[in-house]
Number of protein chains: 2
Amino acid sequence: MTASVARADNRPSPRKRAGNGAAARDAADGVGLDALAGHAGYAVRRFQIWIFQDFIKTLGEVDIRPTQYSVLTVIGANPGLSQMAVAKRLGIERARLVHLLDSLEQRKLVKRIKSKTDRRSHALHLTAQGETALAKFKRLAAEHERHVEAKIGRENRQHLLRILADFT
Amino acid sequence: MTASVARADNRPSPRKRAGNGAAARDAADGVGLDALAGHAGYAVRRFQIWIFQDFIKTLGEVDIRPTQYSVLTVIGANPGLSQMAVAKRLGIERARLVHLLDSLEQRKLVKRIKSKTDRRSHALHLTAQGETALAKFKRLAAEHERHVEAKIGRENRQHLLRILADFT
DNA sequence: GGCAATTGTTGTCGTCAACAACAATCTTTC
DNA sequence: GAAAGATTGTTGTTGACGACAACAATTGCC
């Protein structure tokens with residue numbers, strides 16, 4: 001709403017490559033990025049921000065953020081995992097996972113069950129409500145994924161997933 | 001587990017797909033990610049974290065973080081830009097840019113010059129010290145970029161840059 | 001039995017995106 | 001030319017997130 005309406009979102013950007021040393025002026029505002037264009041990290045960061053914003057927006061009606069979704073997905077696929085295992089798998093601090101689970105448990109999507117074999121740890125499970133909710137989340141996430149496809153192209157997305165498979 | 005020179009960069013990840021319904025157990029801990037593996041956002045996020053950590057570490061000796069580097073690069077390539085223009089170009093909140101510039105100005109890398117034509121805005125320039133410093137930063141950033149190449153492969157990085165060119 | 005390691009938890013700190021509000025300064029409009 | 005509206009830089013707040021440190025309860029090791 002606040003932001004100016006203008007700005008065509010469609011950025012073809014076939015960036016033909018200017019000569020070489022010349023400061024390649026960028027289409028958007030006539031501001032050149034120069035060296036920045038050659039940095040993978042910059043492109044990845046901008047892309048990641050775009051993806052997350054679309055994810056948050058697409059799953060907005062159910063109020064689920066990317067991290068929450070990843071937690072629910074892992075628990076759904078591996079019931080009974082400990083918090084430590086989930087945290088390690090997702091690369092989340094176990095301290096942070098505590099708050100995430102507090103929230104998800106309050107919403108009755110997840111339950112912590114005291115482990116009999118190791119009384120320190122909790123076995124994580126989805127509630128029945130959590131199962132059906134996750135099913136809906138997955139449908140919305142698939143919709144989000146189609147947005148990604150529409151943005152970068154079908155086979156580009158495929159190739160991207162292949163390139164980054166090791167980080168999954 | 002810090003450096004991990006790991007030559008195993010070439011992991012085409014032929015994750016050929018286990019059967020179908022079976023929870024494809026992942027190598028790491030035997031914890032399946034299931035649906036998460038098909039989400040571009042998850043892979044991109046993990047990759048972005050890896051990239052930033054390597055960037056921060058590689059540019060650690062000069063204490064420059066990715067965002068600071070991007071700001072310096074844009075100002076270096078386009079001297080005289082206003083804060084608003086830089087913020088818009090990099091997708092940074094102008095509120096946030098204020099603190100970034102405060103820091104960079106304290107370190108005598110950047111200077112804000114009152115614009116004569118528009119007394120609201122500041123024209124941003126690198127100091128002489130900032131110029132030479134940026135040259136060094138760029139060398140270190142190039143080294144970081146080589147780390148990325150070593151991690152995902154040369155042509156994979158190229159392809160990645162091409163796929164995400166619109167976000168640059 | 002004693003000591004180190006692990007698990008969940010609490011708390012702090014710093015980064016970062018998203019807003020809101022404000023003073024100073026253009027810009028537009030009447 | 002003055003009033004109304006928009007823009008620029010600034011300050012402050014909020015909330016998500018990663019990195020640590022410390023702690024109690026529990027387990028594993030010797």
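None of the values given here were measured: they were computed from a predicted structure. Per chain, numbering begins at 1; letters A, B, ... match sequence-line order.
- Side-chain proximity of B/Ala95 to C/dG8, D/dG12, C/dA24: nearest is D/dG12.
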Would you check, one step at a time, whether the test side-chain hydrogen bond (donor to acceptor under 3.5 Å, both in side chains) holds for B/Tyr69 with B/Arg65? CA-CA 6 Å; B/Tyr69 178 78; B/Arg65 319 193 83 251; over 6 Å; no
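- Under the 3.5 Å distance criterion, with hydrogens and angles disregarded, no donor-acceptor pair is assigned to the side chains of B/Gln129 and B/Arg107.
- Comparing B/Arg45 and B/Asp118 by the nucleotide of DNA chain D whose heavy atom lies nearest to each, the residue mapping closer to the 5' end is B/Asp118.
- Position along DNA chain C of the nearest nucleotide to B/Pro66 versus A/Gln83 favours A/Gln83 as the more 5'-ward residue.
- Among the atoms of the strands shown, only primed sugar atoms or phosphate atoms (P, OP1, OP2) are found under 4.0 Å from some heavy atom of A/Gln53.
- Atom-to-atom, CG of B/Leu97 to C1' of C/dA18 comes out at 15 Å; the value is rounded to the nearest Å.
- The residue among B/Ile92 and B/Thr117 whose nearest nucleotide of DNA chain C is located toward the 5' end is B/Ile92.
- You'll find that the side chain of B/Glu93 is closest to C/dA18, out of C/dA5, D/dG18, C/dA18.
- Judged by distance alone, the side chain of A/Gln48 and the main-chain N or O of B/Gln48 form no donor-acceptor pair under 3.5 Å.
- For the pair A/Arg120 CZ and C/dT7 C1', the interatomic distance rounds to 6 Å; values are reported in whole Å.
- Salt-bridge formation is not detected for the pair A/Lys111/A/Glu105: no Lys NZ or Arg NE/NH1/NH2 atom is positioned less than 4.0 Å from an Asp or Glu carboxylate oxygen.
- Within the nucleic acid shown, B/Arg94 comes within 4.0 Å of at least one base atom, counting heavy atoms only.
- A close approach under 4.0 Å does occur between a side-chain nitrogen or oxygen of B/Thr67 and OP1 or OP2 of C/dC16.
- In this structure, the CZ atom of B/Arg46 is 14 Å from the P atom of D/dC17, given to the nearest Å.
- Protein atom OH of A/Tyr42 is 14 Å distant from nucleotide atom P of C/dC16, rounded to whole Å.
- If you measure from atom CG of A/Leu90 to atom P of D/dG18, you get 10 Å, rounded to the nearest angstrom.
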